[in-house]
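Counting convention: from 1, in listed order, for ligands and their atoms alike.
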Amino acid sequence: MSIKVEDYYAPATFQRMKAFADQHETPFVVIDRKIIADAYDQLGTCFPFAKVYYAVKANPAIEIIELLRDKGSSFDIASIYELDKVMSAGVGPERISYGNTIKKARDIRYFFDKGVRLFATDSEADLRNIAKAAPGAKIYVRILTEGSTSADWPLSRKFGCNPDMALDLLILAKQLGLVPYGISFHVGSQQRDIDVWDAAIAKVKVIFERLREEDGITLQMINMGGGFPANYIQRTNDLETYAEEITRFLKEDFGDDLPEIILEPGRSLIANAGVLVSEVVLVARKSRTAVERWVYADVGKFSGLIETMDEAIKFPIWTEKKGEMEEVVIAGPTCDSADIMYENYKYGLPLNLSSGDRLYWLSTGAYTTSYSAVEFNGFPPLKSYYL
Ligand SMILES: *Cc1c(COP(=O)(O)O)cnc(C)c1O
């Protein structure tokens, strides 16, 4: 298998990133802001009726927050630290949603004091904390969804509750003086099966109807989370196809008069804007006759590539070296044997690859810098540069 850069980047864009990369010592991620701006615009074209809340955890760099702030994006925030960062960039509380269902009462109060009024929940204990610390706030309940086998990085199971419980929570929200506002779901990150949205939207519809008919509660919002695709080795449909299908599902269930629709993209906005540039430390064999070569890079699971856990995300890896390819195991530089990125899925790299050659990990703008360890084996966190 050999990776063609032009399947992932416009040639001029990649040339610009590479020219910058050539001037800098590895490892680092170089991120092209124009790609993010274009991805944001494309999302708006595909979903003209939706409001975008960028999931800050995907890449919390101030350069990205400022870009999306200027584009008019809102923000999905998970902690008081993300909140401080985004608000100190001048984003107002009306553009923020506290999307984490797992939060301390004192953190809820902190958000409320800063003016945030939109809160996610999926449990009674959290809902009661919100009622006390954020009186009168708007509440949306996150429901469980299927699709964990077709998502490369599932976010299911830990978050969300079953639809019957969502009904109970929204009724309780009203009793507690909160505003029962909507339903959210996340179908799993890098979700390759678009039909999973169909099932999720159908569940939402049932909740909307039950509450309206039996409890006199009119919900106003559906938060469809993230899950939209980035370009990795395993190809997906393009965003237009996702949008066409998801819009059709929404209209089938809700007609033309849609409720307020929120999207919370992380990966799909940011991933393709980044290239992680690394260097081969060593190429080795484990015995005289071993067929398999090990390629050790100066970047690994602890310096930004944690999504290679269970080889879940298969990043395209490109090198300038050409020639006969051979299957390799690819591992990182630390003294931890978990620091192996790809062993079962066979990456091919040129036989003449050697120490000092560069490896370019494409589509690494999301979930890399924010996942990088602080000081494991003394290696510093992954650097990033913004063009
Ligand atoms: C992580 C997360 C997202 C972003 O998901 P992507 O698949 O990266 O787009 C959106 N919403 C919530 C609540 C999240 O936790």
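For ligand 1, the atoms sitting less than 4.0 Å from at least one non-hydrogen atom of R267 are 6 (P), 8 (O), 9 (O), numbered in the order shown with element in parentheses. Taking every heavy atom of A55 and a limit of under 4.0 angstrom, the matching atoms of ligand 1 come to 3 (C), 4 (C), 10 (C). Those atoms of ligand 1 that come under 4.0 Å of a heavy atom in G227, given as number and element, are 6 (P), 7 (O), 9 (O).
With a 4.0 Å heavy-atom cut-off, ligand 1 is reached by the side chain of R142 but not by its N, CA, C or O.
Residues F159 and H186 keep their aromatic ring centres 6.0 Å or farther apart. Aromatic ring centres of F379 and F302 lie farther apart than the 6.0 Å criterion allows.
For atom 8 (O) of ligand 1, the nearest protein heavy atom (residue, atom name, distance) is Y367 OH, 2.6 Å. Given atom 9 (O) of ligand 1, the protein heavy atom at minimum distance is G266 N, 2.8 Å. What sits closest to atom 7 (O) of ligand 1 on the protein, heavy atoms only, is S189 OG, 2.5 Å. For atom 10 (C) of ligand 1, the closest non-hydrogen atom of the protein is E264 O, 3.1 Å. Counting only heavy atoms of the protein, atom 1 (C) of ligand 1 lies nearest to K57 NZ, 1.2 Å.
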Worked check of salt bridge (Lys or Arg N to Asp or Glu O under 4.0 Å) between E292 and K346: CA-CA 10 Å; E292 198 164 60; K346 295 300 180 202; 3.2 Å; yes
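At least one heavy atom of P265 sits closer than 4.0 Å to an atom of ligand 1.
Atom CD of E25 sits in a sparse spot, with 12 or fewer heavy atoms from other residues, nucleotides or ligands closer than 6.0 Å. More than 12 heavy atoms of other residues, nucleotides or ligands sit less than 6.0 Å from atom CG of D22. Annotation for E375: atom CD does not count as buried by contact number, only 12 or fewer foreign heavy atoms lying within 6.0 Å.
Within the cation-pi definition used here (under 6.0 Å to the ring centroid, within 45° of the axis), K314 qualifies as a partner of Y345. Both the sub-6.0 Å distance and the 45° axial angle are satisfied by R235 relative to the ring of Y8.
Of the candidates H186, K158, M224, the one placing a heavy atom closest to atom 5 (O) of ligand 1 is H186.
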